[in-house]
Amino acid sequence: MGEILIIAFISLIPILFVLLIFKTIRDVIVVTFNYFGVFGIGSLNQEQLKKLNKYSPYYRDLEYRQKRKFERKVVQFIFSRKFVSRGIEDVTDEMKLVVASLAVQITFGLPRIYLAHFKKILIYPDNYYSTINNQYHKGEVNPRFGIIVLSWKNLVHGIANETDGINLGLHELAHAIHLENRISNKEYGFIDVKLWKKYVDLAEYEMFKIREGDTSMFRSAAAIDHHEFFAVLLENFFERPQDLKAYSPNLYKKTTMLLKQDPIKLLGL
């Protein structure tokens, strides 16, 4: 009888081992998804939601279901980044939320795009000196090292005025999404090539107008190159969408198609 029990116990060991592995894998999956808010656990807490509501007019104007989607993307963006302080004691929750909310704002119509190449975000208190070109900067994007650099003072100043079309965070993150589309990784080529060519024709016309001194809603920096024009365009697309649509309905339409979102309709403006 004892031998039978021993044999039965031994025969159960592989089954128990498989069950243990299954439980471990299941627990890992649950913890991961919970962190991202999929099961409503590990989502932003009330204090973080208040800060998000304070600093993101885009988030504030979303309807309920869209807000939940926005929050999940914010959590995932923060989770997948390394935030590094430069000249300040630490990168606060508030700083992370501001940067993440701007990144999610730009990529909101692109559910699988998280600017994956840019894994590190450096935060300076104010303008900082770059040894690369020996100049002071408010922000920059470095695709070689996968870094986005931002100055907190200028970042806050950009979001303080919600309708002037000048926003450092949107500007630098526009550079990031422009570059992300061309970098060979899992997010490569998310912008339709034919659509991009049609957009470029419109951009070239606007850049020509600025260089010639003709009337334009875009500031002179937009004429430097296509990277700068796209960055300035997105600042205006999000902060002055109705003005942009009135100024150039075709350019506005192409931008909604590129980003797969229409702020006027989405936010009920």
Side-chain angles (χ1 to χ4, degrees), residues 99 102-103 105-107 110 113 115-118 120-122 124 127-151 154-155 157-158 164-185 187-241 243-245 247-261:
V99 176
L102 291 167
Q105 180 173 336
I106 285 181
T107 62
L110 304 163
I113 305 304
L115 307 178
H117 178 73
F118 300 95
K120 185 181 292 186
I121 297 175
L122 273 59
Y124 284 86
N127 294 359
Y128 59 92
Y129 187 76
S130 173
T131 57
I132 297 175
N133 56 13
N134 298 319
Q135 291 181 352
Y136 281 93
H137 288 262
K138 296 179 180 179
E140 63 183 302
V141 175
N142 188 321
R144 181 180 178 185
F145 297 105
I147 296 173
I148 297 172
V149 189
L150 299 164
S151 61
N154 292 291
L155 193 60
H157 180 74
D164 64 351
I166 301 175
N167 185 307
L168 174 70
L170 289 174
H171 189 97
E172 297 305 331
L173 288 160
H175 284 315
I177 197 173
H178 190 183
L179 291 165
E180 187 75 36
N181 181 61
R182 301 162 60 185
I183 294 169
S184 183
N185 63 16
E187 295 183 354
Y188 171 77
F190 56 87
I191 294 178
D192 181 81
V193 175
K194 291 182 180 178
L195 177 60
W196 182 259
K197 287 181 179 179
K198 292 178 181 179
Y199 153 76
V200 167
D201 289 340
L202 296 171
E204 296 233 349
Y205 173 67
E206 288 298 329
M207 292 166 71
F208 175 78
K209 284 174 62 178
I210 296 169
R211 289 165 182 161
E212 291 297 306
D214 294 342
T215 302
S216 174
M217 78 171 290
F218 303 111
R219 62 184 185 271
S220 59
I224 294 173
D225 56 32
H226 278 285
H227 287 277
E228 287 302 318
F229 182 83
F230 187 68
V232 173
L233 170 65
L234 292 204
E235 289 177 273
N236 285 278
F237 178 72
F238 286 110
E239 289 205 338
R240 301 195 292 173
D243 291 343
L244 176 59
K245 187 175 183 179
Y247 171 76
S248 177
N250 202 6
L251 182 57
Y252 182 83
K253 180 64 175 178
K254 290 295 183 294
T255 309
T256 66
M257 295 169 71
L258 288 172
L259 299 182
K260 297 184 180 179
Q261 63 166 301

Between Asn167 and Glu239, is there a side-chain donor-acceptor contact under 3.5 Å, judged purely by atom types and distance?
yes

Exercise: do Glu204 and Tyr199 side chains pair donor with acceptor under 3.5 Å
no

Answer whether the closest heavy-atom distance between the side chains of Ile147 and Val149 falls below 4.5 Å.
yes

Is the shortest side-chain heavy-atom distance between Leu168 and Ser151 below 4.5 Å?
yes

CA sep, side-chain torsions, deciding dist, call: Gln261, Thr256, side chain to side chain contact (heavy atoms under 4.5 Å, CB included)
CA-CA 5 Å; Gln261 63 166 301; Thr256 66; over 6 Å; no

How long is the straight-line distance from NZ of Lys260 back to CG of Leu195, given to the nearest 0.5 Å?
9.5 Å

Donor-acceptor contact below 3.5 Å, side chain Arg182 vs main chain Gly189
no

Between Phe118 and Asn142, does a side chain to side chain contact (heavy atoms under 4.5 Å, CB included) hold up when you go through it step by step?
CA-CA 8 Å; Phe118 300 95; Asn142 188 321; over 6 Å; no

Leu202 side, atom CG; Leu251 side, atom CG - distance, nearest 0.5 Å:
5.5 Å

Worked verdict on Phe218 versus Phe229 for ring pair (Phe, Tyr, Trp, His ring centres under 6.0 Å):
CA-CA 8 Å; Phe218 303 111; Phe229 182 83; 5.1 Å; yes

Is it the case that more than 12 heavy atoms not belonging to Lys138 sit under 6.0 Å from its NZ atom?
no

Any side-chain heavy atom of Leu259 within less than 4.5 Å of one from Leu234?
yes

Closest non-hydrogen atoms of Ile210 and Ala223, given as atom of the first, atom of the second and distance, are CG2-CB, 3.6 Å

Side-chain H-bond candidate by donor/acceptor type, His117 with Glu180, under 3.5 Å:
no

Any luck finding a side-chain donor-acceptor pair between Asn236 and Asp243 under 3.5 Å?
no

To check you understand the geometry: which heavy-atom pair defines the closest contact between Phe230 and Leu258, and what is its length?
CE1-CD1, 4.4 Å

Could you check whether any side-chain heavy atom of Leu122 comes within less than 4.5 Å of a side-chain heavy atom of Tyr128, counting everything from C-beta outward?
no

Ring centroids only, cut at 6.0 angstrom: are Tyr252 and Phe237 within range, meaning strictly under it?
yes

Do any N or O atoms from the side chain of Arg211 and from the backbone of Glu206 form a donor-acceptor pair under 3.5 angstrom?
no

Quiz question: by atom type and distance under 3.5 Å, do the side chains of His175 and His227 form a donor-acceptor pair?
no

Does Lys198 form a side chain to side chain contact (heavy atoms under 4.5 Å, CB included) with Met257? I'd like the steps, not just the answer.
CA-CA 11 Å; Lys198 292 178 181 179; Met257 295 169 71; over 6 Å; no

Backbone of Glu172 reached by a side-chain donor or acceptor of Glu140 within 3.5 Å:
no

Scan side-chain atoms only and decide if Glu187 and Asn181 contain a donor-acceptor pair under the 3.5 Å cut-off.
no

Between Arg219 and Val232 (side chain of the first, backbone of the second, donor and acceptor by atom type, cut-off under 3.5 Å), is there such a pair?
no

Determine whether more than 12 heavy atoms belonging to other residues, nucleotides or ligands lie under 6.0 Å from atom NZ of Lys209.
yes

Any side-chain heavy-atom pair of Ile183 and Tyr188 under 4.5 Å
no

Apply side chain to side chain contact (heavy atoms under 4.5 Å, CB included) to the pair Leu115 and Leu179, showing each step before the final yes or no.
CA-CA 9 Å; Leu115 307 178; Leu179 291 165; over 6 Å; no

Test Trp196 against His178 for ring pair (Phe, Tyr, Trp, His ring centres under 6.0 Å), laying out the working first.
CA-CA 11 Å; Trp196 182 259; His178 190 183; 5.1 Å; yes

Given Leu102, which of Leu155, Thr107, Leu150 fulfils the side chain to side chain contact (heavy atoms under 4.5 Å, CB included) condition?
Leu155

Taking atom OG of Ser130 and atom NE2 of His137, what is their separation to the nearest 0.5 Å?
4.0 Å

Heavy-atom closest pair (Gly165 atom, Glu235 atom, distance to 0.1 Å) is O-CB, 3.3 Å

Which pair of heavy atoms, one from Asp225 and one from Met207, lies closest together, and at what distance?
C-CE, 3.5 Å

Write down the atom of Ile106, the atom of Ala174, and the distance for their closest heavy-atom approach.
CD1-N, 3.7 Å

What are the two closest heavy atoms between Val200 and His226, and how far apart are they?
CG1-CE1, 3.7 Å

Once rounded to the nearest 0.5 Å, what's the spacing between atom NZ of Lys245 and atom CG of Asn250?
12.0 Å

